[in-house]
Amino acid sequence: MSATFTDDLTPPQRAAAEHIHGPLLILAGPGSGKTRVVTRRIANMLAHGISQRQILAITFTNKAAGEMAERVQSLVPGTKVWISTFHRFCARLLRQYGEAVGLQSNFSILDTGDQKQGIRRVLSDLDFDPLHYSPDKVLWRISTAKNDLLTPERYQERFDSSVGDHWQAVVRRVYPAYQKWLLESNAVDFDDLLLHTANLLAENPELRETLGDRYRYILVDEYQDTNIAQYQIVAAMAQRHRNLCVTGDPDQSIYGWRGARIENILRFERDFPETKTIRLEQNFRSTQAILESADALIVNNTQRKHKSLLTDNTAGEPVQLLRFEDSQHEAEGISKQIRQLLAEDGLNWSDVAIFYRVNSLSRQLETTLMRQRIPFQVAAGVAFYDRVEIRDLLAYLRLIDNPADQAAFLRIVNKPLRGLGKTSQDRLVAWAGQQGVTLLEAAARADKISKLSKKAVLGFKAFAGMLERFSLASSGSVADLLTHVVDKTRYTAAWQGIENEQAYEHLANVDELVNAARQYDEIAGSEVSLQGFLEQTALVSDTDKIQDDAGRVTLMTLHAAKGLEFPAVFVIGVEDGLIPHERSKRDGNRKEVEEERRLLFVGMTRAKQRLFLTETRVRSLHGKTMPTIASPFLTELICEKVDCGTFGGDTLAAWSRVMQGVPFDEDSQEEPDDEPQIIESSSPPASAQPVAPALTTGAALLTGAGATAPRLPLGFAMGQQVRHPRYGRGTVIEIGGFGPRRTVTVAFADSDRKETFVVSKAPLQPVGN
DNA sequence: AATTGTGTAGTTTTT
DNA sequence: CTACACAATT
């Protein structure tokens with residue numbers, strides 16, 4: 001019976017899947033079928049009569065958790081093994097047991113924006129100049145400390161006994177105050193979820209045993225990315241029954257900068273000496289050419305145990321290094337290459353991915369891909385839950401759920417405007433501090449605060465009363481509550497009936513949040529709770545939203561690419577200073593450069609059939625164009641160099657002329673303006689229909705539902721309906737100029753005005769189409 | 001009190 | 001270049 005789950009595995013895979021009791025370390029190289037092994041192993045355990053309730057699987061991303069759950073489901077229908085991310089698992093635990101660390105069960109999970117707000121407050125309370133001590137940097141230090149399991153007390157101890165820089169002196173004072181602020185707010189930040197849980201387990205032997213007994217079989221994915229806190233949590237729970245299985249690959253450790261410790265692998269073997277170690281080295285994903293190239297790169301890491309990358313796959317095409325003049329040509333060249341892959345290799349849009357080291361590289365790419373009408377999705381952009389309206393409304397919900405939430409209170413007390421300005425707010429905060437009450441309580445009793453203006457007193461009281469009524473209304477449907485909040489606060493009033501792009505967006509965002517809430521209501525069913533919804537929103541990320549088969553090319557950072565695979569991969573900007581990144585090379589820091597090498601390795605090993613790296617001769621960053629230096633990694637890996645510079649740019653130039661009215665970028669001005677425009681009669685392949693890039697929203701990812709698609713700046717034609725952010729809708733009544741100086745004249749509907757724009761400069765968007 | 005302008009700083013960021 | 005925080009306005 002169990003054999004059915006492990007029959008078709010290779011011997012090492014099978015050995016891993018059939019190992020049930022005792023600690024197990026699976027070292028799984030890229031493309032070695034790790035997820036397959038892990039899910040089979042769970043199925044096999046179930047087949048051996050282990051109760052699903054005793055199994056706990058922990059991943060780092062929601063996506064990985066979802067995928068794993070789905071695959072276990074399909075192997076053993078009807079199972080409910082708890083597969084969760086570290087943070088979600090800890091959140092659940094803290095809701096139940098958090099009292100011991102000073103948390104009430106309705107604690108809020110703060111996003112980075114709120115954290116910054118809190119730090120700002122603390123800094124000013126302690127009379128630190130936030131100009132000299134940027135909240136970001138302080139927060140970073142605190143986060144690092146938390147990842148290393150240093151509580152404020154331990155941090156101070158350590159500081160006392162070491163030399164330390166002056167940052168430590170600052171953090172030493174700020175960290176405890178920040179932590180106090182958090183607890184007063186009944187709130188945690190992301191790192192706290194782990195830190196509190198680890199402390200709870202460390203200080204509470206009974207809890208350790210309870211959980212150890214409940215989760216007798218624990219599985220941790222991407223183990224090389226665990227930090228000290230995560231290690232301690234897992235080790236504490238597995239201490240008793242010792243059925244801990246971890247999977248990882250030291251070569252894919254790319255989160256060292258976030259506190260991840262590869263050493264946790266060595267430590268695992270030390271703490272669990274009876275560990276069985278299994279290596280999965282056969283690669284089922286990539287061609288030989290890709291693997292050889294990636295291997296040639298990674299062997300340059302000195303801090304590394306030798307590991308082979310083997311495959312029975314075909315030799316495949318050589319890895320190509322495409323070299324361009326600048327990023328414009330790079331983007332165009334990639335577009336062209338993608339079309340070729342579609343035409344000649346029979347690939348689809350969704351088979352192609354483009355990776356880059358820094359998000360800022362995606363912008364130019366996006367613009368060009370749009371012009372070239374290549375459908376794409378970006379795993380980043382403006383995150384849905386980062387938008388102001390969303391965060392405002394979520395703050396309302398958070399304050400309803402957790403009246404102690406200071407960040408939420410301050411964010412919304414004057415939104416929409418209620419005439420409760422900074423001065424009044426500061427007085428309220430001071431008074432609440434003296435009285436030891438929450439800001440909301442202080443607002444309710446504003447008449448007791450001496451220095452407040454009459455207007456402010458009334459405003460605060462009205463606000464508190466409104467929140468009071470919201471709390472009463474907050475049972476059942478989250479969507480209904482949210483609608484109620486929007487309604488009563490008149491949050492959208494300022495945008496209603498205003499015809500401009502921004503107002504339109506704001507309203508759409510609000511609608512989308514309501515949708516997300518409604519979908520949450522449906523999924524949660526009788527389990528529905530405001531807290532559940534808030535937790536969901538706090539713990540989802542941008543990368544969760546990328547769809548596997550969206551019919552679009554996928555753009556993302558190298559970090560986000562981990563765990564994915566694509567038939568064709570482009571890694572752009574393989575240049576010194578980008579990969580390896582400038583910051584990693586400071587002080588000759590070998591360790592960080594090795595992490596950069598692993599990052600490129602991860603990117604390369606995502607590719608199944610075709611792998612392209614690109615570099616340019618000049619690159620613009622921070623508004624400055626600089627000649628580039630080749631990445632030292634390029635001399636290590638094996639590739640074929642292909643020059644596609646401006647000189648060889650005949651075909652590139654042709655491509656940019658394909659679309660009528662598509663403006664040239666100024667960079668490509670070598671195209672004479674007076675040259676007649678070539679209008680290709682042959683339209684792009686059928687599959688090249690201008691599919692809008694789906695900037696899938698966070699709302700959609702909550703449910704996996706469809707995407708909203710913004711309008712594309714396609715070519716403009718006479719009579720074309722367009723929208724301008726300031727002037728609104730209009731009609732193109734004239735087209736003039738060529739190349740970079742292409743202009744359109746638009747007659748606007750609302751204002752009787754006609755304006756002429758240089759197409760390449762104006763924020764005009766086509767409507768309808 | 002809210003809008004407008006000016007300065008600064010800018011990897012990666014599973015959660 | 002561009003986003004964002006803070007200062008200087010009316």
Side-chain angles (χ1 to χ4, degrees), chain A residues 58-65 84-91 109-113 115-117 120 124 129-132 134-137 139-140 143 146-147 188-194 221-222 224-227 229-230 252-260 355-361 363-364 379-380 382-383 385-386 388 414-425 453 455-456 459 535-544 546 556-564 573 577-586 592 595-596 598-600 602-603 620-625:
Chain A
I58 303 178
T59 63
F60 278 81
T61 64
N62 292 303
K63 191 161 189 291
S84 163
T85 63
F86 259 109
H87 289 81
R88 200 176 287 267
F89 172 76
C90 292
I109 301 169
L110 301 191
D111 59 51
T112 45
Q115 291 179 47
K116 244 184 259 179
Q117 219 48 54
R120 229 176 266 286
S124 74
D129 179 9
L131 275 172
H132 199 234
S134 85
D136 279 322
K137 282 184 181 139
L139 213 44
W140 172 258
S143 172
K146 287 182 175 179
N147 287 328
V188 298
D189 59 27
F190 285 132
D191 302 313
D192 278 341
L193 289 168
L194 304 175
D221 196 26
E222 303 283 12
Q224 75 282 348
D225 291 331
T226 50
N227 59 32
Q230 284 158 334
Q252 293 183 63
S253 163
I254 54 176
Y255 285 101
W257 54 276
R258 279 285 259 116
F355 306 147
Y356 32 81
R357 176 66 236 262
V358 293
N359 274 313
S360 55
L361 289 191
R363 181 153 271 155
Q364 175 118 54
V382 183
Y385 290 106
D386 275 350
V388 266
N414 202 27
K415 268 185 207 170
L417 302 174
R418 301 185 174 92
L420 299 170
K422 195 173 179 307
T423 327
S424 306
Q425 286 182 35
S453 71
K455 188 176 127 216
E535 188 164 306
Q536 183 87 308
T537 56
L539 299 180
V540 293
S541 80
D542 299 345
T543 38
D544 293 323
I546 49 170
M556 65 178 96
T557 63
L558 284 163
H559 282 90
K562 193 169 61 136
L564 305 175
L578 276 172
I579 325 180
H581 195 273
E582 196 62 43
R583 295 272 270 254
S584 70
K585 305 193 302 176
R586 295 221 177 132
E592 287 181 39
E595 182 156 310
E596 297 285 310
R598 289 195 294 271
L599 192 53
L600 181 55
V602 166
S620 306
L621 271 174
H622 309 321
K624 283 198 180 79
T625 304

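Lettering follows sequence order; numbering is per chain, from 1.
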- Can you tell me if the side-chain N/O atoms of A:Thr557 get under 4.0 Å from OP1 or OP2 in B:dT13? yes
- Message: Any non-hydrogen side-chain atom of A:Gln536 less than 4.5 Å from a side-chain atom of A:Arg88?
- Response: yes
- Item | Aromatic ring of A:His559 stacked on base six-ring of B:dT12, 5.5 Å, 30° | no
- In A:Phe355, A:Trp257, A:Phe60, the residue satisfying ring-ring contact (aromatic ring centres under 6.0 Å, His included) with A:His559 is A:Trp257
- Message: Tell me whether A:Arg598 contacts the main-chain N or O of A:Ser253 through its side chain, where contact means a donor paired with an acceptor under 3.5 Å.
- Response: yes
- Query: Taking atom C1' of B:dT13 as reference, at what distance in whole Å does atom CG of A:Leu139 sit?
  - Reply: 12 Å
- Message: Let's see if you can work this out: which of B:dG10, B:dT12, B:dT14 has an atom nearest to the side-chain heavy atoms of A:Arg357?
- Response: B:dT12
- Message: Tell me the interatomic distance from A:Glu582, atom CD, to B:dG10, atom P, rounded to whole angstroms.
- Response: 14 Å
- A:Asp136 CG to B:dT11 C1', straight-line distance once rounded to whole Å: 13 Å
- Item | Test salt bridge (charged side-chain N to carboxylate O under 4.0 Å, His left out) applied to A:Lys624 - qualifying residues, sequence neighbours left out | none
- Assess the side chains of A:Gln115 and A:Gln117: does a donor N or O sit below 3.5 Å from an acceptor N or O? no
- Message: How long is the straight-line distance from OH of A:Tyr356 back to CG of A:Leu578, given to the nearest 0.5 Å?
- Response: 13.0 Å
- Message: Taking the nucleotide of DNA chain B with the nearest heavy atom to each, does A:Leu599 or A:Lys455 sit closer to the 5' end?
- Response: A:Lys455
- Using a cut-off of 4.0 Å on non-hydrogen atoms, how would the nucleic acid contact of A:Phe86 be classed: base, sugar-phosphate, or nothing? nothing
- Message: Over all strands shown, is A:Arg363 touching base, sugar-phosphate only, or nothing at heavy-atom distances under 4.0 angstrom?
- Response: sugar-phosphate
- Message: For a quick check of understanding: with a heavy-atom distance under 4.0 Å over all strands, which category does A:Asp191 fall into, base, sugar-phosphate or nothing?
- Response: nothing
- Message: Counting only side-chain nitrogens and oxygens, does A:Asn359 get under 4.0 Å of the OP1 or OP2 atom of B:dG10?
- Response: no
- Query: Is the ring of A:Trp257 stacked on the base of B:dT12, with centres less than 5.5 Å apart and planes under 30° off?
  - Reply: yes
- Measure from the side-chain N and O atoms of A:Gln252 to the backbone N and O of A:Val602, and report whether any donor-acceptor pair falls under 3.5 Å. no
- Note on the structure: Between OH of A:Tyr255 and P of B:dT11 the distance, given in whole Å, is 16 Å
- Query: Expressed in whole Å, how much space separates the C1' atoms belonging to C:dC6 and B:dT11?
  - Reply: 25 Å
- Message: Students often get this wrong, so: under 4.0 angstrom with heavy atoms, is A:Thr423 touching a base, only sugar-phosphate, or nothing?
- Response: sugar-phosphate
- Message: Counting the atoms with a prime plus P, OP1 and OP2 as sugar-phosphate, which does A:Asn147 contact under 4.0 Å by heavy atoms, base, sugar-phosphate, or nothing?
- Response: nothing
- Message: Can you tell me how far apart OG (A:Ser143) and CG (A:Asp136) are? Round to the nearest 0.5 Å.
- Response: 11.5 Å
- When you list every nucleotide of DNA chain C with an atom under 4.0 Å from a heavy atom of chain A, which one comes first 5' to 3', and which comes last? C:dC1 to C:dC6
- Message: Classify A:Arg120 by what it touches in the nucleic acid, base, sugar-phosphate, or nothing, heavy-atom distance under 4.0 Å.
- Response: sugar-phosphate
Anything under 3.5 Å between a protein N or O and an N or O of nucleotides 3-9 of chain B, put it in a table, one pair a line.
none

